[in-house]
Amino acid sequence: KGKGGKPEKNVDRLVSGDGDDSEADPSDQQEDHDVRKESNFGLFPHGKVVKCCILKSGKDSFEVSCRKSRINGGATADEPPSLGDKVPAYVDNTNSKGCFLRISRHSEARVMIKELTDGFVPDPVVAFPPGRLVLGRIKGGPKASGSGKELFDVDLRESSVSDKKRLTFDDIQVGDKYMGSVSRIEDYGAFVRIDRSDVAGLVHKSECSENYIAEVSSVYDPGDLVKVLVIRKDVEKKQLAFSMKASHFADDSTDESESEPDESGDEMEVDGDDTEKVPVDGEKEGEEIEED
């Protein structure tokens, strides 16, 4: 950004594409070198010459975009999402209560901790680092945020984003095998929630392994992905009993899975543009996420 409406030297090179440093002060070059050495900006290291498109001209600075679609197709307005839309976004900042997302230049979102994923997340800060590309569904908003942008509420859970049919208690039969995740550990066993459902069942400690287990917590943790066999179904009480003994799955093919594959690895585009994972500025570092 330049002062007094005039771009500084680096911004001038950025817009014009002029990469000639022949007249640069040696001390400036050394300073630039030190910054590049100490900083990690991913695809955009300090001093890199790039093409960009000017989106907005201010009194003391320019707002630019390095997205190829902007450069090749011109600057078009980002349409705000609607309730129920699936939107790709970049993680901006994560804390113990959830995370903030950047949807577009004018739209951002917050995600409550309980809506980050269907399973248990031991450390959400590690699981959702700044710059991670995610896919979520708009569930509320927009509201005015502190930054002046439109703030939406987004649900990142696969069960909310996916359009595939969710399993119900009636769909599950004795003898069926499913992928699931451990939701809770007790002295007498582990509770497992079946993928793509809100259905959970108990794996008694005697069914957790072929061998005797003194403490289930010594073998399994909440959030572990497991495969279960339905061994009992109580329709009246709406209860299920599972087994995780390896002998039940010895003849299963290695690629067999009753649950649908995870869609988190699919390629996504933000606003129809190229989606390189680029770290974003932590504008909301330390900001609290509050539930209405």
Side-chain angles (χ1 to χ4, degrees), residues 83-84 86 97-98 111-124 127 135-140 153-264 291-292:
L83 188 65
K86 288 194 292 185
K97 294 185 178 181
V111 185
M112 306 308 297
I113 188 72
K114 63 184 179 182
E115 294 173 340
L116 286 175
T117 177
D118 287 303
F120 174 76
V121 182
D123 191 340
L135 182 66
R137 189 180 293 276
I138 301 292
K139 55 166 288 187
D153 289 314
V154 168
D155 191 336
L156 295 183
R157 292 176 296 181
E158 193 273 338
S159 58
S160 173
V161 176
S162 177
D163 295 322
K164 296 169 184 173
K165 179 181 179 293
R166 291 175 60 77
L167 293 171
T168 66
F169 182 84
D170 294 335
D171 296 326
I172 298 168
Q173 303 299 327
V174 173
D176 290 347
K177 299 176 183 179
Y178 296 97
M179 294 299 299
S181 58
V182 177
S183 58
R184 193 168 88 244
I185 299 291
E186 300 290 351
D187 292 339
Y188 50 84
F191 286 90
V192 174
R193 183 188 60 80
I194 295 175
D195 286 354
R196 293 191 300 111
S197 78
D198 296 317
V199 181
L202 172 66
V203 183
H204 190 268
K205 63 189 304 182
S206 62
E207 295 292 339
C208 287
S209 173
E210 304 287 353
N211 304 314
Y212 173 73
I213 297 178
E215 294 184 3
V216 179
S217 58
S218 66
V219 180
Y220 296 101
D221 292 310
D224 285 351
L225 298 178
V226 295
K227 195 168 187 178
V228 298
L229 169 72
V230 183
I231 57 176
R232 285 190 301 277
K233 179 179 180 179
D234 190 323
V235 177
E236 185 176 337
K237 294 182 178 180
K238 295 285 185 179
Q239 293 178 343
L240 295 170
F242 300 147
S243 176
M244 294 191 294
K245 290 183 177 180
S247 57
H248 295 312
F249 314 104
D251 297 330
D252 295 351
S253 60
T254 56
D255 60 347
E256 180 183 354
S257 174
E258 285 74 8
S259 294
E260 296 294 335
D262 185 6
E263 295 179 340
S264 60
E291 188 166 9
D292 296 333

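As the structure is a computational prediction, the values presented were derived from the model and not from experiment.
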To the closest 0.5 Å, what do you measure between [atom1] ([X]) and [atom2] ([Y])?
X      : Y      : atom1 : atom2 : answer
Glu207 : Ile231 : CD    : CD1   : 4.0 Å
Ile138 : Leu83  : CD1   : CG    : 8.0 Å
Phe169 : Asp198 : CZ    : CG    : 13.5 Å
Ile172 : Lys233 : CD1   : NZ    : 7.0 Å
Asp155 : Ser160 : CG    : OG    : 3.5 Å
Arg157 : Lys139 : CZ    : NZ    : 7.0 Å

Between Phe242 and Lys177, is there a cation-pi geometry (under 6.0 Å to ring centre, at most 45° from the normal)?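 No, a cation-pi geometry is absent between Lys177 and Phe242.
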Closest non-hydrogen atom pair between [X] and [Y], with its separation:
X      : Y      : result
Gln173 : Asp170 : NE2-O, 3.0 Å
Val199 : Thr168 : CG2-C, 3.9 Å
Pro222 : Ser183 : CB-O, 4.4 Å
Ala190 : Ile185 : CB-CD1, 3.7 Å
Cys208 : Ile213 : CB-CD1, 3.8 Å
Ser243 : Val203 : CA-CG1, 4.3 Å

Going by heavy atoms in the side chains, are [X] and [Y] under 4.5 Å from each other?
X      : Y      : answer
Lys86  : Val161 : yes
Tyr178 : Leu229 : no
Val182 : Val226 : yes

Inspect the surroundings of NZ in Lys238 and state if more than 12 heavy atoms from other residues, nucleotides or ligands are less than 6.0 Å away.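 Yes.
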Residues, nucleotides or ligands: over 12 heavy atoms within 6.0 Å of Asp187 CG: no
Give a yes or no on whether a salt bridge exists between Lys205 and Glu186, defined as a side-chain N under 4.0 angstrom from a carboxylate O.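 No salt bridge links Lys205 with Glu186.
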Qualifying side chain to side chain donor-acceptor pair (under 3.5 Å) pairs with a residue from residues 209-224, counting only residues at least two apart or across chains: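 The answer is Glu210-Ser247.
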